[in-house]
There are 2 protein chains.
Amino acid sequence: MPASQWSPSAERILRTAARLFAVHGYSATSTRDIAAAVGVQQPAIYKHFAAKDDILAALVKLGLERPLAVAASLEVVAAPAAVKLHRWLRESLQHLLDSPYVLASILTTPELERDRFAAERALIEQLERQVTDMITQGLREGDVRPINPVTGARLVLVLFDAMALPEFAVSPPEIIDFAFTALLNDPSHLPELQHQADSLPLP
Amino acid sequence: MPASQWSPSAERILRTAARLFAVHGYSATSTRDIAAAVGVQQPAIYKHFAAKDDILAALVKLGLERPLAVAASLEVVAAPAAVKLHRWLRESLQHLLDSPYVLASILTTPELERDRFAAERALIEQLERQVTDMITQGLREGDVRPINPVTGARLVLVLFDAMALPEFAVSPPEIIDFAFTALLNDPSHLPELQHQADSLPLP
DNA sequence: GTCTATATCGGGATAGAC
DNA sequence: GTCTATCCCGATATAGAC
């Protein structure tokens, strides 16, 4: 359920801010820039968000809610970890792509290192742990080739940024193909794995 | 020759600014922050750099000079493109790692989209072309598996960011291993390819 | 080449009318 | 819930003494 808690006006602000943050960076985007792009005066923003930081925090939550929820629900599904990882990656990339909020680069913005965003960083770290766990499990099951699971998770997650680049972005299938060719012991299993991933039940 | 054109004082500013930019972001780092970390007063910066933007521009050039030069000199070496790409990747990752200037994340900072940094963006695009060319050639030679060369280049380049992450970063060998396993038709050739890459002559 | 002092501007945020 | 007007602060950059 995307942003159901936000009013239409707040959603417009979020969408507009996300685009500006992604292109120019968080600190380089002023609340006046956001307001102008939305078509209102600058103080109007503050009827929807108490502070500029709250806009960024909301965007991070919007971007991570689904990837976190998908990973959590896959945890209790009986299936090879490599299959679950594939499904998770596809869902997450597609979520970020479909989202009217341009989120991929927002999740790596350095401003998140500030204390104010400790809660948002915790969400990112939780997601890293979930991905790390899937890779660890895939290693035990023999599908994933020898790799430090933390390293593997980091490398998979940095690939998300390829969708956020200027000009023509890399598509989710291309990222999935690259990631799984790098991760699997036997990449020839990829089509079969892809098929199994598509049939996984997701609430 | 790293930063030979800069005075020792200017180098201290560059090193310090690079670290702060990488952690907090360019716009979120003030010239006062830089000066305080260097141990001088804020206006002292301006005896070495006419503007804050010039510091960022200098860092981008410092980070790209070597990768660009290595790629250019490899162009005229007679060797398989996959071997040259391997050597280029190792040199470039090591350069960024060894550099007292923390550069990986600086090369993707959104502020570079501003007109002021058109020249610096051009350098990045040139590097993307060089990598794309190596992948295209590797494809023709049969070493690289079917992939859009532009996509491949983008994915290889985003992996650089894995070295810049907070906490424990991913090491160059891990990135090389991941990238080439994803790129090669036959990853079992990787050790041999690595050996050949190490013996390539570099001026 | 570094200092103090300062000019100037833009940014985040609030007050209060409508 | 949006507007105008405004406050206050921090940021970049300059001037001029040492």
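Just so we're on the same page: letters track the sequence lines, and every chain starts at 1. Values reported hereafter were calculated over all heavy atoms of this structure, with side chains retained and with hydrogens, waters and symmetry mates removed.
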Pairs flagged by ring-ring contact (aromatic ring centres under 6.0 Å, His included) wherever residues 41-87 of chain B is involved - sequence neighbours left out: B:Trp6-B:Phe49, B:His86-B:Phe180
When you measure only distances, ignoring hydrogens and angles, does the side chain of B:Gln42 come within 3.5 Å of the base of D:dA11 through a donor and an acceptor? no
Contacting residues from residues 19-32 of chain A, given that a heavy atom lies under 4.0 angstrom of DNA chain C: A:Thr29, A:Ser30, A:Thr31, A:Arg32
Please name all residues satisfying side-chain contact (heavy atoms from CB on, under 4.5 Å) with B:Ala69, sequence neighbours left out, ordered by chain then number. none
Whole-Å distance separating the CZ atom of B:Arg116 from the P atom of D:dT12: 15 Å
Kindly write out the residues that satisfy salt bridge (charged side-chain N to carboxylate O under 4.0 Å, His left out) with B:Asp198, not counting sequence neighbours, or none if the list is empty. B:Arg90
Residues in ring-ring contact (aromatic ring centres under 6.0 Å, His included) with B:Tyr26, at least two apart? B:Phe21
With sequence neighbours excluded, what pairs up with B:Asp53 under the salt bridge (charged side-chain N to carboxylate O under 4.0 Å, His left out) test? B:Arg114
Please report the interatomic distance CG(B:Leu159) to CG(A:Leu159), rounded to the nearest 0.5 Å. 5.5 Å
To the nearest angstrom, how far is B:Tyr46 atom OH from D:dA11 atom P? 11 Å
With sequence neighbours excluded, tell me which residues meet salt bridge (charged side-chain N to carboxylate O under 4.0 Å, His left out) with A:Glu174. none
Atom-pair distance (NZ on B:Lys52; P on D:dT14), nearest Å: 15 Å
Here's a test of your reading of the structure: between B:Ser9 and A:Pro43, which maps to the more 5' nucleotide of DNA chain C? B:Ser9
Taking salt bridge (Lys or Arg N to Asp or Glu O under 4.0 Å) as the cut-off, I'd like each qualifying pair that reaches into residues 12-23 of chain B, sequence neighbours left out, listed once. B:Glu11-B:Arg15
Rounded to whole angstrom units, what separation is found between the CG atom of B:Leu56 and the P atom of D:dA11? 18 Å
Can you give me the first and the last nucleotide of DNA chain C (5' to 3') that has an atom within less than 4.0 angstrom of a non-hydrogen atom in chain A? C:dG11 to C:dT14
Return yes if some donor-acceptor pair links the side-chain N/O of A:Lys52 with the main-chain N/O of A:Thr29 below 3.5 Å, else return no. yes
Nearest-angstrom distance from the residue atom CD of A:Gln41 to C1' of D:dT6: 14 Å
Taken in chain and number order and not counting sequence neighbours, the residues that satisfy salt bridge (charged side-chain N to carboxylate O under 4.0 Å, His left out) with A:Glu111 are none
Can you name the side-chain contact (heavy atoms from CB on, under 4.5 Å) partners of A:Val77, sequence neighbours left out? A:Leu74, A:Ala79, A:Lys84, A:Leu200, A:Pro201
Axial bend angle, the helix from C:dG1-D:dC18 to C:dC18-D:dG1: five-pair end segments, nearest 10°: 0°
